[in-house]
Amino acid sequence: MDGGLLEKEQIMQARILSVGLIVLMFSMVGCGRSETSPTQAQNSGGSDAINQLAADRGLTPDDVRAALMTYQPSGRLDDYIMFSSGGHSGQVFVIGMPSMRLLRSIAVFTPESWQGWGYGVGDEVLAGGDVNGKANRWGDTHHPALSETGGDYDGQWLFINDKANARIAVIDLRDFETKQIVKNPVAINDHGGAMVTPNTEYVIEGGQYATPLGWSYAPLEQYNQSYRGMVTLWKFDRKAGRIDPQRSFALELPPYWQDIFDAGKLASEGWIFGNSFNTELATGGIEKGNAPFEAGASQRDADYLHIINLKKAEQAYKDGKFDRVNGFAVISLKTCIDEGILFFAPEPKSPHGVDVAPKGEFIVVSGKLDPHVTIYSIDRIKQAIADQNWELEAYGVPVLDLDAVVEARVEVGLGPLHTQFDPHGYAYTSLFLDTQVARWTLGGAYSELHPEPAWTVAGKVRVHYNVGHIATAEGDTVSPDGKYLVSMNKWSVDRFFHPGPLFPQNFQLIDITEGGDKMQLLYDMPIGVGEPHYAQIIEAAKLKPWAIYPEVGWDPHTQQVRADAAKAGEERIERDGKTVHVYMTAVRSHFNPEHVEVNEGDHVVWSITNVERAEDATHGLAIPAYNINLSLEAGEAVTFEFDADQPGTFAFYCSEFCSALHLEMAGYLLVKPAEMAMSQ
Ligand code: RUQ
Ligand code: CUA
């Protein structure tokens, strides 16, 4: 026992000593800021005091290194920006790296009152996602996709799917606001979206749980004949900044449960790849004595990798070889087979992630119930297709010979899910069951950090806990940056104070700059909103967001000046019969006009412009009882409407603390009761 204690103490002292060494090294290297003033040096107390601080807090050299790697002094901006799904919060999170500071949440599928989203702003955009005319005001965001040019992020647009209702949203990265939501007319839910083709010609949205196309009714006994899967290719019009449903189409697929998709790039450009599970066609029904889905859908040894020739699909669409489902173009399964659009390859048990390597020559698939990743080669796939080296499966789709198309298998560990890449020829695969991330070498194709061309595991790093997706910097582009990996963990268990039984999820930042098994955990970031799934990480310098809207009177929806924008000096209230039009401006620290007097039963059209030209000078407009709260960024103009159906006196106010006299930035909405208005 004593020996053990002594050993511990010695280890501790050795650690403190090496902390001192690190601090010393750090002060010699100077971290690029040599202009430290004597006072600053005194305040930090010099290296002795820092050593003492590290010792007092029980910090190891690794801890100190992690702190030094991630700490951003006030005012220093982050090098990378991560766009993370917000899961069933229906939002997107914008996070700076390496500091892991949350910079913004972007309201997408869910109303969000800080941004006024759904409370006077964005109502038409949200309505674009209605399902059969019914409002669905939440979403389950999974996979964000940054727009790409030549297979590289270009920093212009962001897309994200809603798994729950099969919807895709378009976010403009000039103002980080959602511009469009489209509801998939063919599928009721999705999972294989959003992913983009290398020049963002298409946004891919693959389905998940099969239903009859258009989700019309059919009993489960007819699963085989009536239920179908699908993948949709949404055409993105970059100039309009919108998805164009009129130039988009879907492919009918067998009723396997399609999962993640990815677009080919470079060597595999023009192809897309998707996973499936439940090729068993299980229909569940545990209450009827049937095997539950989890057992029924994982009996076979293999499911099918979907290999889709996008060029041929596009041609079939252009040639009019499609039917319509709910008015939307769908290329039938038969046409997909006849035209050589769709092929399968067997893939290991219950596959999940499919990820195309940076040069596009390899497609990495992980089977949740197989400890290997399976690597397919696009050259081998093309050859097998040319050789017609296939058998037909139940629905007549050619299944390529497994041995002919597989390049390699690497045993990575238990529960492999998703794979990302770095510039050194390493691939990284999340291991859900092992709660680790495995780093492995991508054959002989890349070899800077691993001289032996091989397919082999180079190292593993433990994460906390139950990792789903991982993201490396620009890690799914043609030119990954390496440097950082974020492990997006589903459980945090003991990592944070738990605010009740709903625990935060945990993003862990990992340093991947060094090779081999050297990977260091740098930072734990609790996520207290939603359940993030995937994220993409872009170099911050590639983003060119506006700090204020280009002109006063700007409509973020159309990205131009509104014709009806209220102008400074022309504020007024006009009545036309029972319609009252308010033209109001907001500036520190008043609204103009401050009195809005209408009659019960009037219809109010209220145009308000934030006429500020100073950065960050946001005003809000909060109107109680009428469910209205706007966020008006500098230059922004909004017009909202409501029926004045509640008589009374409603004090409205600015909901952003914009100035010393912010509390004075207020006004009165007076709604005169109908009987009083009539008696006048
Ligand atoms: S996934 S469960 Cu991207 Cu692993 Cu949605
Ligand atoms: Cu404007 Cu507070």
Side-chain angles (χ1 to χ4, degrees), residues 83-88 114 116 139-145 159-164 166 189-195 204-209 257-262 274-277 294 350-355 364-368 373 415-420 429-433 437 466-471 475-476 486-491 505 530-536 584-592 594 608-612 614 616-623 629-634 636 651-667:
F83 291 91
S84 164
S85 107
H88 36 291
W114 169 52
D140 183 10
T141 59
H142 275 232
H143 307 109
F159 308 91
I160 192 151
N161 73 313
D162 162 30
K163 169 168 170 159
N189 49 47
D190 72 24
H191 196 218
M195 290 86 197
I204 301 166
E205 185 189 20
Q208 178 109 84
Y209 307 114
W257 288 357
Q258 281 77 32
D259 206 17
I260 313 286
F261 274 78
D262 200 6
N275 276 332
S276 62
F277 57 105
E294 59 174 323
S350 298
H352 188 49
V354 54
D355 296 284
V364 179
V365 168
S366 306
K368 293 169 294 211
V373 285
L417 295 183
H418 298 284
T419 299
Q420 290 273 290
T429 300
S430 55
L431 303 174
F432 181 85
L433 296 176
V437 175
N466 299 357
V467 52
H469 278 272
I470 51 178
D476 58 10
V486 174
S487 175
M488 307 175 72
N489 307 317
K490 304 291 184 188
W491 288 27
Q505 309 226 337
E531 184 211 338
H533 288 263
Y534 185 44
Q536 289 189 331
M584 178 179 279
T585 58
V587 73
R588 277 162 292 171
S589 306
H590 58 266
F591 295 110
N592 184 8
E594 293 181 330
I608 179 166
T609 305
N610 175 349
V611 298
E612 298 274 0
D616 205 5
T618 296
H619 298 287
L621 172 62
I623 309 180
N629 182 47
L630 312 182
S631 176
L632 297 155
E633 283 72 72
E636 181 171 351
F652 61 83
Y653 69 99
C654 170
S655 48
E656 279 275 334
F657 206 112
C658 54
S659 66
L661 296 178
H662 150 78
L663 291 178
E664 287 77 357
M665 190 165 176

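As the structure lists them, so they are numbered: ligands from 1, and atoms in each ligand from 1. The residues of the chain are indexed from 1 along the displayed sequence. Values below: every heavy atom of this structure, side chains too, minus hydrogens, waters and symmetry copies. Note that this is a predicted model, so its numbers are computed, not measured.
Atom ND1 is the N/O/S atom of His619 found closest to atom 1 (Cu) of ligand 2.
Ligand 1 does not have Leu417 within reach: every non-hydrogen atom of the residue lies 4.0 Å or more from it.
For a distance bound of 2.8 Å, the N, O or S atoms of His418 include one lying that close to atom 4 (Cu) of ligand 1. When distances to atom 2 (Cu) of ligand 2 are checked against a cut-off of 2.8 Å, Cys654 contributes an N, O or S atom below that limit. Put simply, His662 stays out of reach of atom 1 (Cu) of ligand 2, with no N, O or S atom under 2.8 Å from it. Distance check for His352 against atom 4 (Cu) of ligand 1: an N/O/S atom falls below 2.8 Å. Atom 1 (Cu) of ligand 2 lies at 2.8 Å or more from every N, O or S atom belonging to Ser589.
For the pair Val365/Asn275, a side-chain contact is recorded, criterion being any heavy-atom separation below 4.5 Å from C-beta on.
The aromatic rings of His469 and His418 sit parallel, their planes meeting at an angle under 30°, below the 60° perpendicular limit. Note: Phe652 and Phe591 have perpendicular aromatic rings, judged against thresholds of 30 and 60 degrees for the angle between ring planes.
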Would you sort out whether Asp140 and His142 count as a side chain to side chain donor-acceptor pair (under 3.5 Å), showing the intermediate values?
-> CA-CA 6 Å; Asp140 183 10; His142 275 232; 3.2 Å; yes
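Close approach of ligand 1 to His191 (heavy-atom distance below 4.0 Å) involves ligand atoms 1 (S), 2 (S), 3 (Cu), 5 (Cu). Shown in contact with Ile260 at under 4.0 Å from a heavy atom are these atoms of ligand 1, numbered in order with element: 1 (S), 3 (Cu).
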